[in-house]
Amino acid sequence: MNDELTIRSGIHDVMPTVFGYITVGMAYGIVAKTGHLSLLMIGLMSLIVYAGSAQFVLVSMLATGSPIGAMVISTVLINARMSLMSMTVAPYLKDESMTQNVLIGTLLTDESFALSMNKLNYTDHHLNAPWFHSVNVGAYLVWFVASLLGALIGGLIPNPDSFGLDFAVVAMFIGLLYLQMITDRSKPFLRHLSVAGVVTAAMVVLVRYLPGTTAIIVATVIGCLFGMGVERHAES
């Protein structure tokens with residue numbers, strides 16, 4: 001990763017994360033195919049829904065004949081965290097037009113958000129549309145192709161979890177978090193580590209009492225408040 005905010009730089013920056021998209025996208029395609037979804041349905045879901053965890057949930061809901069309303073509500077709740085990510089990214093794109101912001105927000109994912117936060121450490125806290133579009137579109141296309149490949153070989157791998165494919169995204173985020181922590185020189189490493197520790201502890205407790213997506217949002221807010229408190233204490 002460097003300080004360039006170009007289309008070429010965006011493609012280069014997103015390359016390490018696409019391996020996670022490939023494995024998880026293929027896992028989704030395999031699961032969807034074994035759930036008797038057609039190749040067309042699998043592809044359209046990746047293009048229109050474009051949300052890994054939500055797509056896995058939708059496959060199971062379709063298999064059990066759940067109402068459409070329940071599917072819509074479930075998808076919205078699962079992706080509610082994206083509102084927090086979008087609000088975090090928006091201030092760095094205030095010089096871009098509304099259209100550009102909408103296009104970026106439409107394809108924003110956990111991975112592209114993490115990449116953008118890491119990119120800020122190299123660009124003096126600046127982002128732009130060309131870089132973001134190349135990251136988002138690159139990931140979008142890889143996810144679509146991977147899901148189709150998974151569907152095509154779905155009959156050959158009845159249990160994708162046995163290969164550890166379900167851990168690919170988790171491993172990728174651990175790597176992205178580590179890079180974010182070691183490249184941000186504006187704050188001590190231990191401060192980053194303390195915030196990450198608080199969020200982790202909050203998640204361990206909250207998932208016992210709240211749905212996964214709700215727990216993520218609440219833990220994120222707790223981490224933000226803790227980080228603000230630590231920052232103010234350090235400045236005083």
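Worth knowing before you read on, the calculation uses all heavy atoms, side chains too, and leaves out hydrogens, waters and symmetry mates.
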Can you tell me how far the [atom1] atom of [X] sits from the [atom2] atom of [Y], to the nearest 0.5 Å?
X	Y	atom1	atom2	answer
N79	T75	CG	OG1	7.0 Å
M71	S60	CE	OG	9.0 Å
L152	L39	CG	CG	5.5 Å
I22	T17	CD1	OG1	9.5 Å

Hey, does [Y] have a side-chain heavy atom less than 4.5 Å from the side chain of [X]?
X	Y	result
V195	V230	no
Y21	T109	yes
F56	V24	yes
M45	Y28	yes
T123	N128	no
V89	M85	no

Does one hydrophobic cluster hold both [X] and [Y], with members joined at side-chain heavy-atom distances below 4.5 Å?
X	Y	result
L103	L107	no
L47	V31	yes
I11	L141	no

- Message: Would the distance check show the side chain of H126 and the main-chain N or O of D124 forming a donor-acceptor pair, the cut-off being under 3.5 Å?
- Response: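 Side chain of H126 to backbone of D124, a donor-acceptor pair under 3.5 Å: yes, one is there.
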- Keeping the roles fixed (side chain from N118, backbone from A114), state whether a donor-acceptor pair exists under 3.5 Å.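 Flag not set: sc N118 to bb A114 has no pair under 3.5 Å.
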What are the two closest heavy atoms between [X] and [Y], and how far apart are they?
X	Y	value
L37	K33	O-CD, 3.9 Å
I7	P130	CG1-O, 3.9 Å
N121	M117	ND2-O, 3.9 Å
A151	I42	CB-CD1, 3.5 Å
V49	A54	CG1-CB, 4.4 Å
L206	A219	CD1-N, 3.7 Å

Please list, chain by chain and in numerical order, all residues satisfying side-chain hydrogen bond (donor to acceptor under 3.5 Å, both in side chains) with [X], sequence neighbours excluded.
X	result
S9	N2, D13, K119
T220	none
E4	none

- So does M41 have more than 12 non-hydrogen atoms from other groups sitting under 6.0 Å from CE?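 Result for CE/M41: open.
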- Message: I need the full list of side-chain hydrogen bond (donor to acceptor under 3.5 Å, both in side chains) pairs touching residues 83-100, with sequence neighbours left out, sorted by first then second residue.
- Response: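 Sorted pair list: Q100-H133.
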Output side-chain donor-acceptor pairs under 3.5 Å for residues 142-150, partner residues at least two apart or in another chain, one line each.
unit_1	atom_1	unit_2	atom_2	d
W143	NE1	S46	OG	3.4
W143	NE1	Q55	OE1	3.2
S147	OG	S46	OG	2.9
S147	OG	W143	O	3.3
S147	OG	F144	O	2.7

- Message: Can you see whether N136 engages S112 through a side-chain donor-acceptor pair at a distance of less than 3.5 angstrom?
- Response: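 The criterion, which ignores hydrogens and geometry beyond distance, is satisfied for S112 and N136.
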- Message: Walk me through whether V218 and L210 qualify under side-chain contact (heavy atoms from CB on, under 4.5 Å).
- Response: CA-CA 9 Å; V218 176; L210 299 173; 4.2 Å; yes
- Those residues that, when tested against Y140, pass ring pair (Phe, Tyr, Trp, His ring centres under 6.0 Å) (two or more places apart):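 Partners of Y140 by the ring pair (Phe, Tyr, Trp, His ring centres under 6.0 Å) criterion, ordered by chain and then number, come out as Y50.
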